[in-house]
Amino acid sequence: MAAPAEGATSAALPPPSSPQYWSAVKRLFVLDKKVLFMNVGTVGSPPREVLDTLDRMHREVAAGALSAYSDFADVRAVVARGYGCDPDELVISHNTSDGMSKILAGLALKEGDEILTTNHEHSGGNAPMAQARDRYGVVIKRVAMPVGNDQRAEDYVELFRRAITSRTKVLLFSAPTYKTGTMLPIPMLAKLAQDHGLISIVDGAHIPGMMAYNFRELGVDFLAGSAAKWQCGPGGTDVLYIRNKVLPRYNPNPLPEFWPVVSSGYPEGGLPPRSSGGTASYDIASKMQSIGNSSIAIMAGVRSACEVWDGIGRTRIQDHVLGLSGYLKELIVERWGVNSLYSPKDDPRLVCALTSFAPFRDPRDVHDAEKASALVARLKDEYGIVIRTSDFPVIGSARSHQAVRVSTHLFHQKEDVERVVDALWRLSGEMS
Ligand SMILES: Cc1ncc(COP(=O)(O)O)c(C=O)c1O
């Protein structure tokens with residue numbers, strides 16, 4: 001079957017077995033053809049049909065002067081299905097940072113309570129943790145994160161287990177980290193948290209649209225993820241998972257005390273107690289979704305993006321993007337050697353579609369932030385390829401390491417991976 005014409009929708013894709021399948025998927029997007037965009041970890045690009053939905057709905061709302069004092073139950077029903085949870089567990093909020101802030105502000109933490117986290121967190125999680133510290137006297141403890149290929153999922157369980165104390169109340173970590181693209185083993189860490197009676201919070205900014213996870217099966221209490229990065233929804237959207245019933249198969253612990261702090265749906269008489277069984281006592285996501293007048297168009301855009309992903313198949317997308325990052329890592333190892341990798345490669349439980357590595361031949365250059373930035377700028381100017389830098393502490397190193405980070409997504413193919421590797425090899429050679 002011929003590939004769909006420019007402007008076609010996901011409903012007209014050829015069968016997945018077709019050799020043209022992924023190039024047809026690429027044509028669903030309006031990305032500038034002169035640029036190879038490989039920084040999806042910062043922001044995605046909505047497919048054409050999402051843009052059409054946004055445009056049509058913005059115009060309908062304007063024409064009818066429509067308001068939306070709503071909990072968007074219909075949109076949440078579609079979105080929750082794709083993420084393997086119920087609508088009462090799924091809020092579409094503003095972005096990951098917003099989701100993390102609402103989670104941390106909603107918990108009943110008090111002076112002396114400890115949050116156990118890592119030294120590779122994003123400000124989206126660090127800032128609300130710092131507020132809990134400064135406002136309530138909560139203590140933030142951080143484990144130092146390993147980097148590179150020489151690690152296994154079990155290492156993370158040990159790392160956190162050793163740092164848990166009698167005051168630890170929360171286990172909070174990014175999966176994957178945005179710095180090294182290390183996918184922390186969420187179900188194993190959720191189990192650790194459960195065994196110690198801890199509240200588990202995942203900064204999963206990169207999970208929606210990249211990984212085909214069923215949120216509920218992960219066994220965590222909270223997960224905030226962007227709907228505008230790998231999920232390619234409208235800017236300023238996220239999916240926020242909140243465990244809202246006790247399903248012993250996934251997490252037998254009682255639900256934590258939690259307040260929907262930003263809400264115009266909070267009832268005058270207060271909320272009933274949280275559920276202690278398999279049925280929700282109330283729809284907490286509805287309370288958190290109801291915040292004054294919202295955007296019908298943006299919510300329709302999120303729904304449309306999720307429908308495109310569900311139509312293609314979330315596992316198919318995950319396999320494709322991980323296949324490309326695996327290929328990228330192989331090529332990096334061939335040229336630069338395995339020690340240049342900050343992302344794990346060989347333990348399938350730790351991999352994702354973000355790849356970080358040290359691009360220069362001289363080991364002293366790992367500390368040179370200016371040189372890494374210059375490389376990324378020249379890659380854009382001279383080769384039309386967009387990636388980003390990444391810096392982070394490394395165990396045993398007095399100074400931060402400076403890496404480059406490449407995102408491989410559903411609009412990429414193997415030749416794009418070869419192109420970025422060739423360009424980086426040539427440029428880093430010239431700059432060495
Ligand atoms: C791990 C992580 N958390 C949070 C964020 C913030 O994301 P958002 O822009 O959705 O708030 C990012 C952004 O890159 C991130 O990588």
Side-chain angles (χ1 to χ4, degrees), residues 37-46 79 83 90-105 115 117-132 140 142-143 145 147 156 170-186 189 200-211 213 215 218 220 222-241 262 288 298 301-302 305-306 321 325 342-344 350-356 376 386-393 403-409:
F37 180 72
M38 302 190 100
N39 188 18
V40 186
T42 297
V43 70
S45 172
V79 175
Y83 292 116
L90 201 284
V91 186
I92 297 156
S93 94
H94 186 58
N95 54 32
T96 319
S97 307
D98 181 68
M100 292 297 289
S101 295
K102 285 172 178 160
I103 295 166
L104 280 152
I115 300 177
T117 185
T118 85
N119 66 341
H120 281 187
E121 296 308 311
H122 190 275
S123 54
N126 281 331
M129 278 193 280
Q131 283 207 45
I140 303 169
R142 298 183 191 270
V143 296
M145 289 285 281
V147 300
Y156 286 92
V170 174
L171 184 61
L172 183 155
F173 56 90
S174 293
T177 71
Y178 78 108
K179 293 185 177 292
T180 63
T182 304
M183 176 56 79
L184 270 64
I186 302 175
L189 294 175
S200 47
I201 305 175
V202 179
D203 176 343
H206 302 273
I207 287 175
M210 178 208 277
M211 308 301 287
Y213 292 163
F215 288 174
L218 296 172
V220 296
F222 301 94
L223 185 150
S226 174
K229 295 182 189 287
W230 303 80
Q231 180 59 73
C232 294
T237 56
D238 112 315
V239 285
L240 170 55
Y241 168 78
V262 184
M288 296 185 70
I298 298 290
V302 173
C306 289
V321 305
S325 67
Y342 292 106
S343 314
L350 299 180
V351 300
C352 77
L354 284 170
T355 301
S356 291
V376 166
V386 176
I387 62 169
R388 64 159 280 180
T389 55
S390 170
D391 68 299
F392 41 84
V404 293
R405 192 189 79 181
V406 181
S407 303
T408 46
H409 206 15

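Worth saying up front: this structure is predicted, and the values here are computed from it rather than measured. Just so you know, ligand 1 is whichever comes first in the structure, and atom 1 is the first atom listed for that ligand. Just so you know, residue 1 is the first one in the sequence shown, and it goes up from there.
For ligand 1, residues of the protein lying within 4.0 angstrom by heavy-atom distance are Gly41, Asn95, Thr96, Ser97, His122, Ser174, Tyr178, Asp203, Ala205, His206, Ser226, Lys229.
Taken from OG1 in Thr96 to NE2 in His122, the straight-line distance is 8.0 Å, to the nearest 0.5 Å.
In this structure, Asp391 has no side chain to side chain donor-acceptor pair (under 3.5 Å) partners at least two apart in sequence or on a different chain. Listed by chain and residue number, Ser226, Thr237 satisfy the side-chain contact (heavy atoms from CB on, under 4.5 Å) test with Ala228 (two or more places apart in sequence, or in another chain).
Inter-residue side-chain proximity for Thr180 and His120 is flagged as met; some heavy-atom pair is nearer than 4.5 Å.
Sorted by first and then second residue, the salt bridge (charged side-chain N to carboxylate O under 4.0 Å, His left out) pairs with a member in residues 91-104 read Asp98-Lys102; sequence neighbours excluded.
Side-chain N or O atoms of Asn39 include none that pairs as donor or acceptor with a backbone N or O of Ser407 at under 3.5 Å.
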